[in-house]
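Remarks on the structure that follows.
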Number of protein chains: 2
Amino acid sequence: MHDETDTKERLLNAAEALFARHGCHATSVRAITHAAGANLAAVGYHFGSKEALIRAVIDRRLAPLNRERLARMEAELEAATTASRRPRVATLLRAFIEPTVRFRTTDPKGRDFIAFVARLLHEPEPGARDHFFARMRPVIKRYLPALCAALPKVAPEVIQWRFHFCIGAMAHTLFVAVAPPVAGHHRPTALDGDALVTLLVTFLTAGMKAHS
Amino acid sequence: MHDETDTKERLLNAAEALFARHGCHATSVRAITHAAGANLAAVGYHFGSKEALIRAVIDRRLAPLNRERLARMEAELEAATTASRRPRVATLLRAFIEPTVRFRTTDPKGRDFIAFVARLLHEPEPGARDHFFARMRPVIKRYLPALCAALPKVAPEVIQWRFHFCIGAMAHTLFVAVAPPVAGHHRPTALDGDALVTLLVTFLTAGMKAHS
DNA sequence: GTCTATAGATTGATAGAC
DNA sequence: GTCTATCAATCTATAGAC
């Protein structure tokens, strides 16, 4: 029952899987501790509350993800500067999207996190959602100027909205690609992660560049 | 307390508002009946169960919405046929998107429904989500061939994925535009419904047409 | 149709022994 | 750190009077 990993990490893993499959509201502390092979009181001891556990599940995956997003974005900005060109929209979008998808392919646990986040994005109650957006805000705040530099002919307010379109398309797509259990749903042909990213980047780049 | 409307409708209104604000899992039958000025047993009597009430909330708004979507799509197909041209991508997308947004502007209750549906889209548990997709399937099944006719140079499997991108972008955008309570979130300038639809249609049309 | 009352299960959190 | 035991609050659903 008990892995080599410590209880705290087993709780995070179990919570992530259950949140993805049933939502965080529908997942009880009892279910989490049982799946982790831990005692009912373990969540209270290690995290303080169920809410704090949810935040910990978010942070564990999101922090390295956003680090990679920013690093790749900065690399493109730097390459553009030294080559005296504008940053490329497609490269910026790929830098934002690809870490998530690759992460989904690499780590089997990644799938759970993606389904969880897609749901989190539209969580009506504050709490978990606000925490998620607080972690995303610094990334978005630095992506917007980069996109504006890449698209000097598109108004900044339009770019803001279009970036929202990108985030929505990405989240929904990853959710659909990751969570097959939609009974009889018309899911298109399965794709590997790379093909999916390319498909998304092509679509979103054309949208970002559209002249209104 | 009691409006002129009957109990059943008051329950639907109260449920819709509460589902939008707190999610359907986090909304208790007690909260619904209390908000509707009805008795705790009223949900059981009028709908049979909480699940059946959720389905009724979905159907009440979605049925007329999808009727309008299909009617406007068929009108474009017919206009294209009589003029011996291809259907226009932008017109098809607008026919899909505009009813929802206009509906949001017209009916103050529309806002609640949109927030509810955005959440429903990524609901991990079957039940409400499966019911929603069952209602959407006939619409999507008729939109895909129309889009293929409008885009003869894009492969049908690519069109399927791109239509997913459209749905994700639309759902997330409407949710963001409708649900302001994101603390400190970088929401772009407020827009009226028409401007938002145009912004979306421009973006998505360019994406649909992109040559891979 | 509306109401009270309650059954029966489940929830998050915690006190206190080990 | 882990465990048992339990509290107080909540939940959906329903039986039965009016």
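Below, chain A is the first sequence line, B the second, and so on; all start at residue 1.
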Discussion item. Applying the side chain to side chain contact (heavy atoms under 4.5 Å, CB included) criterion to Val201(A), which one of Thr205(A), Thr198(A), Leu199(A) satisfies it?
Written reply: Thr205(A)
Worksheet item: For Leu53(A) and dG12(C), what is the distance between atoms CG and P respectively, to the nearest whole Å?
Response: 11 Å
Item to complete: Could you list all the salt bridge (charged side-chain N to carboxylate O under 4.0 Å, His left out) pairs where at least one residue sits in residues 39-48 of chain A, not counting sequence neighbours?
Response: none
Item to complete: Using the ring of Phe203(B) (Phe, Tyr or Trp, six-membered ring only), decide whether Lys209(A) places NZ or CZ under 6.0 Å from its centre and within 45 degrees of its axis.
Response: no
Worksheet item: Salt-bridged, Arg72(A) to Glu76(A), with N to O below 4.0 Å?
Response: no
Worksheet item: Is there a side-chain polar atom (N or O) of Ser28(A) under 4.0 Å from OP1 or OP2 of dT10(C)?
Response: no
Worksheet item: In whole Å, what is the span from the NE2 atom of His34(B) to the C1' atom of dC3(C)?
Response: 15 Å
Response to the item:
note: Arg10(B), atom CZ; dG1(C), atom P; distance rounded to Å ~ 13 Å
Item to complete: May I ask you to say what Thr33(B) touches in the nucleic acid, namely base, sugar-phosphate or nothing, with a heavy-atom cut-off under 4.0 Å?
Response: nothing
Practice prompt. Send over the distance from Leu11(A) CG to dC3(D) P, rounded to a whole Å.
Written response: 11 Å
Response to the item:
Given protein heavy atoms under 4.0 Å, the one-letter contact record of nucleotides 13-18 of chain C, with B base, S sugar-phosphate only and - none, is simply BB----
Discussion item. Is Thr7(B) close enough to dG1(C) that one of its side-chain N or O atoms is under 4.0 Å from OP1 or OP2 there?
Written reply: no
Practice prompt. Answer yes if the ring centres of Phe19(A) and Phe113(A) are under 6.0 angstrom apart, and no otherwise.
Written response: no
Practice prompt. Kindly state each residue pair satisfying salt bridge (charged side-chain N to carboxylate O under 4.0 Å, His left out) with at least one member in residues 164-175 of chain B, sequence neighbours excluded.
Written response: none
Discussion item. Tell me whether the side-chain N/O atoms of His46(B) come closer than 4.0 Å to OP1 or OP2 in dT2(C).
Written reply: yes
